[in-house]
Amino acid sequence: MQLDHLNESQRNAVLSTDGPLMILAGAGSGKTRTLVTKIQYLLEEKQVSPFHLLAVTFSNKAAREMRERIASQSSFDLGALQITTFHAFCARLLRSEATYLGLSRNFTIYDTSESKSVIKNILGKRGISLKEVSPAQVQYYIDDVKNSGHYVGAKPDELLDEIETDDPFYDYFLDYEAELHRNNAVDFGGLITGVLNLFDNFPQVLQRYQTRFKYLLVDEYQDTNRCQFKLVKLLADKNKNICVVGDEDQSIYSWRGADIRNILDFEEVYKNAKLIKLEQNYRSSKNIIDAATHVISQNLQRKGKDMWTDNDVGESIDIIECKDDRVEAEFVATKITRLTEKENIPADEIAIFYRTNAQSRLMEDALRKEKIAYRVVAGIKFYERKEIKDLLAYLKVVVNDKDSLSLSRVINIPVRGIGPRTLRKMEDEAIKNDLSLWQMIEKIVEAPDDYKELRLSSKVKSGLASFVSLIQEVKLKDSEAELPSDCYEKILMESGYYENLVAEKSYESQARIENLDELLSAIKQFEQMNEDATLLSFLETITLDTSGEQEDIKEVSMMTIHGAKGLEYEYVFVLGAEENVFPSYQSTENGEEAIEEERRLFYVAMTRAMKKLYILFAQGRMLWGSIKFNGPSRFLDEIPEEYYKWINVGNDRVKNTGDEFNFSQERTVVEKNVTYASKPAVKSSYAVGSKVKHKLYGAGKVLECDGVGQDEKIVIMFDGGVRKKFLVKFAPLEQL
């Protein structure tokens, strides 16, 4: 097998096949090429059976592209080779082993909105107002518990973080898990904790998979959480042939559970691990790489790499100081017009990055004013639209009638007279008789006179009968292996959903009809790609494929920097490089670790640029309803002077020759006069963790403290799970 297309470090990474290996792959260093070649080498030269190799990554797109590249360059059938995502791998494994955990193989996978609905129901049954306890807060807690690797009945594990089971929110977690189990359902996090549960409690199952997967490769390892860390460790414990590929300098997802310790501690977990660094950048100019390297070198939480490139030195970075955020947006729009019209730069080679979505509004206004075509990457996804979720819920009930959440969503869509009170009565009756909601409804339809105490109207009975008849007929079609598209069309037309939209005759209803037609196209395309397509396989595919990727089009791309990871553009504009914006206000309040993650995010933004990088900040910016004067980001001060040109866009906003701003000032050296005031070390009168009592809410524990004296604020978690924030001077509190 020829390896001439690889540099020396990449070849070493490919040829190092046995034992634990960590490949530190810097930005633009040919990571995917190396990983694809390594898999080919294992298959072709080491004669490893595809059945014995597992490669996991984080997006369906990345997994699909890797598999396609290997297939196009290989002469043999890949067969059982699994190149997949963590969630897809665990879903497939759980389908095979579901009975160990008391699930049936046709379990439903709940998405984020469905999980939130379960939480709302739990809080409602406990008599807790959604104003007292936010479902989103509970959902975040549950996600955090699962990201740490915890499941109901988990044993203490030195690899995983311990969970405080006396936290009132833990009771909600227990209720939530019990409800999912009753519904024969799991959520995204439960796919992975379910496998951990399986492996921890059924050693024979773990041994079977350890024996099968002799070689394990993990892409984007810096993005793994503790739960995923334990999963791959368990799988690799027998053979120890584990290869992880990642870049600690691009670990930017702690807010969704990613734990940088996984990559920093790899050599402690595997004492004989080999470390190979890919430090040659093939993407960016030398100027951009050197500047970005200087910035990221300020971080302490890193292995350390010396990135370099053979590319041209390239243009200097432009740091643009703007009068305000409106000037910032106008400057970018004007510059893009010049690039596309005067320099013939393709629009799809230009990107605009921002720290938060809220920053996009003015930028979009400016682009529209300049008649520049653009797309906002990762907007509202197709499968999150109401009419799409409604029809998918119908299909989920067909596949898994124990899915009470999906059933309750569509039982009255279109309207069948089955309101919330009627639904609650049937739910209570189902619980009393130890039946699923579907089983209860079937019994009511079969013998309505047996349930007179429910006092169901004739309209409700008729609606239930037609609904049950429809679902049963589609179930029959599905069991007889009829096409999923036929099942879908039957539900769409015979439920009355489509007819109601046609009758509305509005622009909105027409748009909904077009979306439902597009869903039919999606199902048919799935059938064309899969000979044995079923409703279950279609639903699983779209539930797991949450990437929301769009086809490349000739438009300027706008996105948050988090959404930009893995992408590259010739020309990049980074907006809002100001203190309290980038780094964010939250990070400046949460210590050095948070600042280091912000710096990694800044590094990611810089290294997306191939030819030219523009970094902008505003002297004044409208934030939270008022103008804020934050000053330039500390990260700008970390770029050495030789790598940038500083351009000041002052009060003069008049365009020159129709394509450029008149700059009031241009300079190549930034004045080093920005200081960052440290917060005074003031002790709160309420220590975090201390016990207090409120006259109305009772006993609780202090979670957060902020301010001092008349401005002191504290956050308290009360027994029962209610969280409240108080201004201390007005709160009737007693320290216990």
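- Aromatic rings of Phe173 and Tyr170 (six-membered ring for Trp) have centroids within the 6.0 Å cut-off, being under it.
- By the 30° and 60° cut-offs, the orientation of the rings of Phe58 relative to Phe86 is tilted.
- Note on residues 453-468: no pairs pass side-chain hydrogen bond (donor to acceptor under 3.5 Å, both in side chains), not counting sequence neighbours.
- Using a cut-off of 4.0 Å between Lys/Arg side-chain N and Asp/Glu carboxylate O, Lys230 and Asp157 are scored as salt-bridged.
- Side-chain contact annotation: Ser469 with Glu473, donor-acceptor N/O pair under 3.5 Å present.
- With a 4.5 Å cut-off on side-chain heavy atoms, Leu103 and His181 count as touching.
- For the pair Lys477 and Glu489, the salt-bridge criterion is not met [side-chain N within less than 4.0 Å of a carboxylate O].
- The side-chain heavy atoms of Cys227 and Asn147, taken from C-beta on, include no pair separated by under 4.5 Å.
- By the 30° and 60° cut-offs, the orientation of the rings of His562 relative to Tyr253 is tilted.
- Taking the six-membered ring for Trp and thresholds of 30 and 60 degrees, Phe169 and Tyr172 have ring planes inclined between 30 and 60 degrees apart.
- With sequence neighbours excluded, no residue satisfies side-chain hydrogen bond (donor to acceptor under 3.5 Å, both in side chains) with Thr193.
- Under 4.0 Å is where a charged nitrogen must lie from a carboxylate oxygen, and between Lys125 and Asp175 no such pair does.
- Applying the 6.0 Å contact sphere to CD of Glu499 captures no more than 12 heavy atoms from other residues, nucleotides or ligands.
- Looking at Ser115 and Tyr176, their side chains do bring a donor and an acceptor atom within 3.5 Å of each other.
- Between Phe199 and Leu93, the closest side-chain pair of non-hydrogen atoms falls below 4.5 Å.
- Taking the six-membered ring where the residue is Trp, Phe467 and Tyr394 present tilted rings, their angle falling between 30° and 60°.
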